[in-house]
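Here the structure is laid out as structure tokens; the discussion comes afterwards.
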Amino acid sequence: MRFKFPLMAISLEVAMIVLFGLYVQYELVYNVPQQLNTTWTTMDDPLQLYPLFRDVHIMIFAGFGFLMTFLKKYGFGGVGFNLFLAALGLQWGTIAQGLIHSHGETFHIGMKSMINADFSTAAVLISFGAVLGKTSPVQMLIMTILEIAVFAGNEYLVGEIFQATDIGASMTIHAFGAYFGLAVAGVLYRSGLRWEHENEESVYHSDLFAMIGTLFLWMFWPSFNSAIAEAGEPQFRAIVNTYFSLAACVITAFALSSLVEHRGKLDMVHIQNATLAGGVAVGTCADMNIPPYASMIIGSTAGIVSVLGYKFLSSSVGMQAAALGSSIGTAVVGGLVTGLILRLPVWNQPPDEHCYDDSVYWKVPKSREHDNLFPQHEHHNHLEPEV
Amino acid sequence: MRFKFPLMAISLEVAMIVLFGLYVQYELVYNVPQQLNTTWTTMDDPLQLYPLFRDVHIMIFAGFGFLMTFLKKYGFGGVGFNLFLAALGLQWGTIAQGLIHSHGETFHIGMKSMINADFSTAAVLISFGAVLGKTSPVQMLIMTILEIAVFAGNEYLVGEIFQATDIGASMTIHAFGAYFGLAVAGVLYRSGLRWEHENEESVYHSDLFAMIGTLFLWMFWPSFNSAIAEAGEPQFRAIVNTYFSLAACVITAFALSSLVEHRGKLDMVHIQNATLAGGVAVGTCADMNIPPYASMIIGSTAGIVSVLGYKFLSSSVGMQAAALGSSIGTAVVGGLVTGLILRLPVWNQPPDEHCYDDSVYWKVPKSREHDNLFPQHEHHNHLEPEV
Amino acid sequence: MRFKFPLMAISLEVAMIVLFGLYVQYELVYNVPQQLNTTWTTMDDPLQLYPLFRDVHIMIFAGFGFLMTFLKKYGFGGVGFNLFLAALGLQWGTIAQGLIHSHGETFHIGMKSMINADFSTAAVLISFGAVLGKTSPVQMLIMTILEIAVFAGNEYLVGEIFQATDIGASMTIHAFGAYFGLAVAGVLYRSGLRWEHENEESVYHSDLFAMIGTLFLWMFWPSFNSAIAEAGEPQFRAIVNTYFSLAACVITAFALSSLVEHRGKLDMVHIQNATLAGGVAVGTCADMNIPPYASMIIGSTAGIVSVLGYKFLSSSVGMQAAALGSSIGTAVVGGLVTGLILRLPVWNQPPDEHCYDDSVYWKVPKSREHDNLFPQHEHHNHLEPEV
């Protein structure tokens, strides 16, 4: 059914517009000063948070997007579906988070809700990493809708009911996204993809594209961990601690990558991913009054654990290694249920031989470089599955 | 005449320096406090606008620059000439806009004039997209000078005389740039380029480079539409409305791309361009008190119209589809006159067979990948036209 | 000794953590208001400088990182080692600069020290450019530690003892880094690398990756030159002057590149590097009350000098051409000593035939494009040196 994806996407967009029409209003930004000598304070300024929002936004779209381009034949899908899922997710995240906090009443949006909506898409994009190249657009679209609903519920549970602190949202976002994704991937397990698929590898330049993603995630992680922290000292500490945790993490990730690999060579998979573990690991406590050296210990350890996790577990999502803890239960149950739904044989999951290949869902240039380099793949263009 | 381009460029730079020496001064940033208890307010801070300026700057140089790298053999020209034209244009735009507003008197520059100068180059870069690969550096240089002069006049007309609101400058920038470019391209029409040129196509990785441009335009469009909005509520609304318009636009652009293409496949041309239509379309009214769902309707519609425009009109500039309205008259007339000037046979326009190929104007590595992939083009290096 | 690099890296990280534990504390951000009607002023806000810090951070990691990817076979090393060296350097820079200014006492860190730590890594990365592809990871690691120690001493000398103004740190950073790097490279001179090495060239797409670096350096240079300027007028002037100097520099760099090259063609080496000379050249005086046209004269001249320097000196670091002056003495002596230490035959310097090739230190995809394009290099995988 080639109309399944576009029609579902358009229907969902119509639904979003209706829900926004019913429930969403602007924040009342400024209280009109009551007296002549009362002025608006800087704290009222809605643009105070805009630079931090923008940094998170860059991480979501350029960071995750290019990180996903590492596969030799799935670069369009990596950065393209990332854009689609995040754009859908932020609309639905605004609604889901707003309704759950307002208990079903009309609610107001502003910079903070935009940051939180972007956060909710981060969980989806981490899960997307676990099913990259193996799922159809329709399956990803359904996963986005289900995961964000569960995410909003879990976040409400952790933040409002348990009153747990998790300022960089390591538990609610990163661990949640990783376990949700692994649970979905587990249910969708196919023996045909058990051994290394010929498409499941990088080429030299696809690894460099992925480094764009890594660097934009790495550079802006201090903003991620401080975006919703309390203004003042806590926000300041969240930035500084994340900065030093990430720097320390890079050193140990490089060291361990060299240590565990054949003849001491560095592995791009480690550099692309384990260097970020320091941001995740310090996320839960970044705004607390921990001394800078403690955040460096956290970052160093995260770098080590993450490389070892990649090397010795058969896991394709490495970031979670540093972020065990809460959220796992909800994530796993939610992921399993989502996986079961996605297994229904109506979502046009790509057959094994077409996994990790853009040509199933994208028009690709005839001269695609690896087609020229690996002419034996040329036949893909003639054996297209149902989209 | 191989000296035409460098000598014209140096002469223009000398002219810029002389004009700056005669007419341009810094803004007087701070009024010295007259009384002891008077302090400088935040509003006096010239750096208030700097983050928004910087975002616009990124869109101009990284956004447009990498968007133009989609052609397989014209990547150097795409990002390189973009840098050159924008750097020239912002100097000339500062002068042209300053002189027209000061009626020929000395004028002051600051963050706002820097944003407006960058805006003026955006119009040129949109027109550049319409003549990409088909014009010589000298022709592009002349187009930049003429277009910005007309642009500054039109902007003065729309803003000061008509008092029209156009906060994201959709009309004065995007529609103007598109129609100016189409008019220039129309006059420069050559039957030899009528059918698909063998160089006028992308390769797999050039499409990924172009996605860098798309994402940096997409992510920062809220800054573009809010940079010169009134501080406070209007600026806040411009950001929020653009954010949701762009998100909605992505969903419908993906849906329509899949709907109109063979076997439901997504087309990178749509993803690279139509996803941005939501930013253009909401630009004119982004700061107004429209509810968020209305900006989503605007964005969704723009995504649909833009993909259909690409598919069913033979147009290489898709963004204008969403931005009909004013400015067209000036743009078309200015573009036609500019095109006629550029047709004079003294500007070393590249012959048809050398269009869309960096090797005419750039030293390219001997091992250029497509040279290896398409060895029959090797002879280009021996049949070089006059630069 | 394949364990040399990882063990040295881990030991250094442990040393950093110990030093941070002994000497480093957070800045006391807010003085608790003493009276009820005293509020914290904006000036107390530690996040005031955060946007400028972030821009510098982007230049260090994405700017320098991608600028270094221009070699066809050394892209992983370019962006990867850049990340490693900068992450190490910023930790050590924090310590070295802090201890020298506190005369060995406990000191406080904040946004300003983070900016300065990033600055210190910039010097290392400029030197890294001079030894790119010719040194082992252990050699680079030692260079980083030594250079930053000398850098912190020189900076103290220039700023505190000589009281010289150098707001964009052109002398203390750019000239220092360039001369230090040239001195190191001079001592490490090997006749085997005298003539063009077959790996010491770019391919088409590696030049485009390098343009990502150029643009992110170019766009954020106004932030670099203003980050530690005095707030208010000087900071404002530093931004505006750098903006116009860079714009003027682009025009003359393009003009000269076309003028000096065969048949008037543009050379990517000039565009990637000489376009930045305007930022370096104006750095020393950017915050001063020079008129805008003067910064354009500085930028234009820098563009011309830099292209001529590239063309007619056999230098691989072009930026220093515009930045003669102080700092050279310290840099040259420090670089020579560092070079002599790096020449000790225990640091596993790569043999000539493995220079400029990622496969010595990185796992590279089997299908690396240039391996396919140049199959005669395939044997590299079988003749690996000791890492």
Side-chain angles (χ1 to χ4, degrees), chain B residues 2-3 5-7 9-10 12-14 16-18 20-21 24-27 29-30 40 42 46-47 50-51 54 57-58 61-62 65-66 69 75-76 79-80 83-84 87-88 90-91 109-111 114 137 205-206 209 212 358-370 372 384 387, chain C residues 42 51 55 72 201-209 211-212 214-216 218-220 222-223 226 231-233 235-237 239-240 243-244 246-252 254-259 261-269 271 275 289 291-294 296-297 300 369-370 373-374:
Chain B
R2 60 161 293 206
F3 298 113
F5 168 71
L7 295 187
I10 290 174
L12 276 172
E13 186 54 44
V14 171
M16 294 300 157
I17 291 173
V18 170
F20 267 71
V24 181
Q25 291 180 351
Y26 291 120
E27 243 171 29
V29 175
Y30 293 118
W40 301 326
T42 309
L47 298 184
Y50 182 55
R54 222 173 22 189
H57 213 47
I58 296 172
F61 289 91
F66 275 99
T69 59
F76 292 3
V79 69
L83 170 61
F84 177 80
L88 176 66
L90 68 87
Q91 297 178 64
I109 55 169
M111 284 308 140
M114 284 162 64
H205 281 174
S206 71
F209 279 113
I212 299 174
D358 276 326
S359 66
V360 193
Y361 303 116
W362 299 79
K363 280 172 66 180
V364 295
K366 285 196 209 72
S367 60
R368 186 167 64 174
E369 296 158 46
H370 26 79
N372 288 63
E384 289 164 1
V387 174
Chain C
T42 310
D55 289 359
K72 68 180 179 188
E201 59 180 30
S202 62
V203 288
Y204 195 59
H205 282 174
S206 72
D207 270 328
L208 284 175
F209 279 114
M211 279 304 289
I212 299 174
T214 296
L215 287 181
F216 277 94
W218 196 90
M219 296 183 301
F220 291 128
S223 297
S226 66
E233 296 268 4
Q235 198 163 36
F236 168 69
R237 285 193 301 252
I239 291 173
V240 178
Y243 172 80
F244 283 113
L246 283 165
C249 178
V250 167
I251 308 306
T252 55
F254 269 76
L256 264 282
S257 181
S258 169
L259 211 53
E261 287 298 324
H262 175 61
R263 298 184 60 87
K265 291 197 183 188
L266 297 160
D267 187 336
M268 278 307 257
V269 171
I271 307 312
T275 52
N289 197 0
Y293 79 87
M296 289 160 76
I297 292 176
S300 314
E369 297 158 44
H370 26 82
L373 298 176
F374 307 99

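Every chain is numbered from 1 and lettered A, B, ... according to where its sequence line falls, protein lines coming before strand lines.
- Within the 4.5 Å cutoff, side-chain heavy atoms of C:Phe220 are placed close to those of B:Arg54.
- In this pair, B:Phe20 and C:Phe244 present their aromatic rings perpendicular. The plane angle is above 60°, beyond the 30 to 60° band.
- Between the side chain of B:Tyr26 and the backbone N or O of C:Asn289 there is no donor-acceptor pair closer than 3.5 Å.
- In this structure, NZ in C:Lys265 is found 14.5 Å from CZ in B:Phe5, a value given to the nearest 0.5 Å.
- Heavy atoms only, all atoms of each residue included: C:Ser300 and B:Ile17 are closest at OG-CD1, 3.5 Å.
- The line from CD1 of C:Ile251 to CG of B:Leu83 is 8.0 Å long, rounded to the nearest 0.5 Å.
- At a 4.5 Å heavy-atom cutoff, the contact between C:Ser223 and chain B is made by backbone and side-chain atoms alike.
- Both the backbone and the side chain of C:Ile212 come within less than 4.5 Å of a heavy atom of chain B.
- Both the backbone and the side chain of B:Ile109 come within contact range of chain C, each with at least one heavy atom under 4.5 Å from a heavy atom of that chain.
- The ring of B:Tyr50 has its center no closer than 6.0 angstrom to the ring center of C:Phe236.
- For the side chain to side chain contact (heavy atoms under 4.5 Å, CB included) test, residues two or more places apart in sequence or in another chain that qualify with B:Pro6 are C:Ala255, C:Ser258, C:Leu259.
- Side-chain contact between C:Leu256 and B:Ile10 is present, with at least one heavy-atom pair separated by less than 4.5 Å.
- The heavy-atom pair separating B:Ser206 from C:His205 by the smallest distance is N-CE1, 4.1 Å.
- Between chain B and the residues C:Ile271, C:Leu246, C:Asp207, the most heavy-atom pairs under 4.5 angstrom are made by C:Asp207.
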### Message
Between B:Thr69 and C:Met211, is the side-chain contact (heavy atoms from CB on, under 4.5 Å) condition met? List the steps.
### Response
CA-CA 11 Å; B:Thr69 59; C:Met211 279 304 289; over 6 Å; no
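- The two residues C:Met219 and B:Ile58 make their nearest non-hydrogen contact at SD-CA, 3.5 Å.
- Note that CG of C:Leu215 is 5.5 Å distant from CZ of B:Phe66, once rounded to the nearest 0.5 Å.
- For chain C, the nearby part of B:Phe209 is the side chain; its heavy atoms alone come within less than 4.5 Å.
- Remark: the backbone N or O of C:Ala247 is paired with a side-chain donor or acceptor of B:Gln91 at under 3.5 angstrom.
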